[in-house]
J.: 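Structure in structure tokens, see below.
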2 protein chains.
Amino acid sequence: MASPTVENYLKALYALANEDDEVNISDLSIHLKVSKPTVNSMVKTLNQQDWVNYERYKPIVLTRKGRKAAALILRKHRLTEMYLVEKMGFGWEEVHEIAEQIEHVKAPALFDRMDKLMDFPKVDPHGSPIPDKDGNIIDQNYKKLSECKVGDQVVLLALTHSSKDFLEFLDSREISLKLELEIKAIEPFDSSMLISYYNHPSETLSQKVCDRLLVQKS
Amino acid sequence: MASPTVENYLKALYALANEDDEVNISDLSIHLKVSKPTVNSMVKTLNQQDWVNYERYKPIVLTRKGRKAAALILRKHRLTEMYLVEKMGFGWEEVHEIAEQIEHVKAPALFDRMDKLMDFPKVDPHGSPIPDKDGNIIDQNYKKLSECKVGDQVVLLALTHSSKDFLEFLDSREISLKLELEIKAIEPFDSSMLISYYNHPSETLSQKVCDRLLVQKS
DNA sequence: ATATAGTGTTAGATTAGTCTAACAAAATTC
DNA sequence: GAATTTTGTTAGACTAATCTAACACTATAT
């Protein structure tokens, strides 16, 4: 089986492939906070072990095997996050660091049990989909709030990024998943939005924030 | 902080010191399933980092720092085992392997939360005491069943060993903690015991089994 | 009290994962 | 298209944790 280090490379490759479409050595180096030569030599190893396809100076691409492995680690991560929130009472901003560690635990029964105790949740506490046991993931075709128009009434269903800072910002405005909100106005100068929701008749959100909120028309 | 490997050495030293009183290189080598030279070099490192006191050809002794660290790992292990049984419905024979991994997770909040959700349990699913947050452990002065006399009425409160095989054996006889039992007879030839308990008017337990059952007069 | 068995040590090698320094290739910009 | 910046590679070294082979010390037993 893959070491935690290898698992982290696979996870990073999987995540980066969904942002940019071509993943290179530098991207991984920044994301994993290791030097480029380190990534270079590790990627050669991953290639030999059929986790990725790689040729010198070319982008790095996960193999089918690598993609499945990455999705199953993500499954463990997201099940854990959801369990920590749902069953242990942690806040959505506290669970990432803990799940980063527990995702490497080799004990299928543990994650199956979490899954069952939560009645097979489909998303994690940040609205991201939980891959199934085969590593398949449902594509949520949500829209960014920043792409909506004045007058739109939408429900917040997921976040594109879940940094602690961002989550604490949302907490401070009482913004959580399932929140229904309406776009009152869009400031042409900086694309910030004036929105209204339960107990908050008028809040301003910067474009950066609106870019990270995924919504659906309600 | 200590690596998982170092943590496993400390845990082994702590456990072995409670069985034999002098712990040597060979003991550790067998217990940790690594070669003696490996232990030898690791113990030198542990000595330099003040986890143990060690001089060539002498027994290995945990320092105060090492003993506290070991007890805190044991605390995480036992809290996890209890949580898995109490809150997640695992059997007492399933939890050791999972706890072996989770005990290395660096997330005090996780273990504090388990502790709180279980209302601060004092023992794990096998009756072993859970060290407190300072690494102090209460000494249970239980007696081995094998040391009891015919006619004694006792409660089973803990086990000295918790291998999967042994736990499955106990399950097969419907023997669990808190069970009240009476010693009907002791076979002089092999010291096996004839005992009686709820729904089992007469079961025979070998001396090996009776040695591993810790009881108190009821 | 010496032979033997058990225990401990040294030396040297290996693997995984990391680094820096220096250079090479590719991409971008002027 | 030449210069510059970014990206990638090679070479060489380091640390943690492990191994085997060979030898040394200690304890046990006749």
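First the proteins, then the strands, lettered A, B, ... as listed; each starts at 1.
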J.: Consider side-chain hydrogen bond (donor to acceptor under 3.5 Å, both in side chains). Of B/Lys11, B/Arg75, B/Lys76, which one does B/Glu103 pass it with?
T.: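 Of the listed residues B/Lys11, B/Arg75, B/Lys76, the side-chain hydrogen bond (donor to acceptor under 3.5 Å, both in side chains) partner of B/Glu103 is B/Lys11.
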J.: In whole angstrom, give the distance that lies between atom CG of A/Leu28 and atom P of C/dT18.
T.: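 Taking CG of A/Leu28 and P of C/dT18, I get 12 Å after rounding.
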J.: Figure out the CG/P separation between B/Asn40 and D/dC25, and round it to whole Å.
T.: 14 Å
J.: Which atoms form the tightest heavy-atom contact between A/Leu145 and A/Met193, and what is the distance?
T.: O-CE, 3.1 Å
J.: Can you tell me the distance, in whole Å, between the CG atom of A/Asn24 and the P atom of C/dA27?
T.: 11 Å
J.: So do the side chains of A/Lys36 and A/Asn40 get within less than 4.5 Å of each other, counting heavy atoms only?
T.: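 They are not in contact (no side-chain heavy atoms under 4.5 Å apart), so the answer is no.
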J.: Not counting sequence neighbours, which residues clear ring-ring contact (aromatic ring centres under 6.0 Å, His included) with A/His96? List them please.
T.: A/His77
J.: Within the pair B/Lys44 and C/dT10, is there a side-chain N or O less than 4.0 Å away from OP1 or OP2?
T.: yes
J.: Dump every N/O contact between nucleotides 27-29 of chain D and the protein below 3.5 Å, one line per pair.
T.:
none

J.: Under 4.0 Å between a side-chain N/O of A/Ser3 and OP1 or OP2 of C/dG17, yes or no?
T.: yes
J.: Counting C-beta onward and ignoring hydrogens, is there a side-chain heavy-atom pair between A/Leu16 and A/Ile60 closer than 4.5 Å?
T.: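 Of all side-chain heavy-atom pairs linking A/Ile60 with A/Leu16, none is under 4.5 Å.
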J.: Can you see if the side chain of B/Arg56 gets near the phosphate of D/dT26 - specifically, an N or O under 4.0 Å from OP1 or OP2?
T.: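 For B/Arg56, the contact criterion (side-chain N or O under 4.0 Å from OP1 or OP2 of D/dT26) is not met.
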J.: Send over the distance from B/Lys58 NZ to C/dG8 C1', rounded to a whole Å.
T.: 13 Å
J.: Round to a whole Å and report the spacing from CD of B/Glu7 to P of D/dA16.
T.: 16 Å
J.: Starting from the first five and the last five pairs of the helix from C/dA1-D/dT30 to C/dC30-D/dG1, work out the angle between the resulting helix axes, to 10 degrees.
T.: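 Terminal axis comparison yields 0°.
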J.: Rounding to a whole Å, what distance do you find between B/Asp27:CG and C/dG6:P?
T.: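 These atoms are roughly 15 Å apart.
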J.: Over how many whole Å does the gap from A/Ile25 atom CD1 to D/dT10 atom C1' extend?
T.: 13 Å
J.: Between the protein and nucleotides 18-24 of chain D, which nitrogen or oxygen pairs are less than 3.5 angstrom apart?
T.:
residue	atom	partner	partner atom	Å
D/dT18	OP2	B/Tyr9	OH	3.3
D/dC19	OP2	B/Ser35	N	2.8
D/dC19	OP2	B/Ser35	OG	3.0
D/dC19	OP2	B/Thr38	OG1	2.6

J.: Please give me the minimum heavy-atom distance between A/Leu72 and A/Asp132, naming the atom from each residue.
T.: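 Minimum heavy-atom contact is CD2-O, 3.8 Å.
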J.: With B/Lys122, which residues qualify under side-chain contact (heavy atoms from CB on, under 4.5 Å), at least two apart?
T.: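 side-chain contact (heavy atoms from CB on, under 4.5 Å) check on B/Lys122 returns B/Phe120.
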J.: Would you say B/Val105 and A/Ile102 make side-chain contact, with heavy atoms under 4.5 Å?
T.: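 In short, these two side chains touch, coming nearer than 4.5 Å.
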J.: Report yes if the side chains of A/Val123 and A/Leu157 come closer than 4.5 Å at any heavy-atom pair, otherwise no.
T.: no
J.: Using the test ring-ring contact (aromatic ring centres under 6.0 Å, His included), find all partners of B/His31 that sit at least two apart in sequence or belong to another chain.
T.: none
J.: What pair of heavy atoms forms the shortest contact from B/Gly127 to B/Leu177, and how long is it?
T.: N-CD1, 3.4 Å
J.: Starting at atom CG of A/Asn8, determine the distance to atom P of C/dA16, rounded to an integer number of angstrom.
T.: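 A/Asn8 atom CG is separated from C/dA16 atom P by 17 Å.
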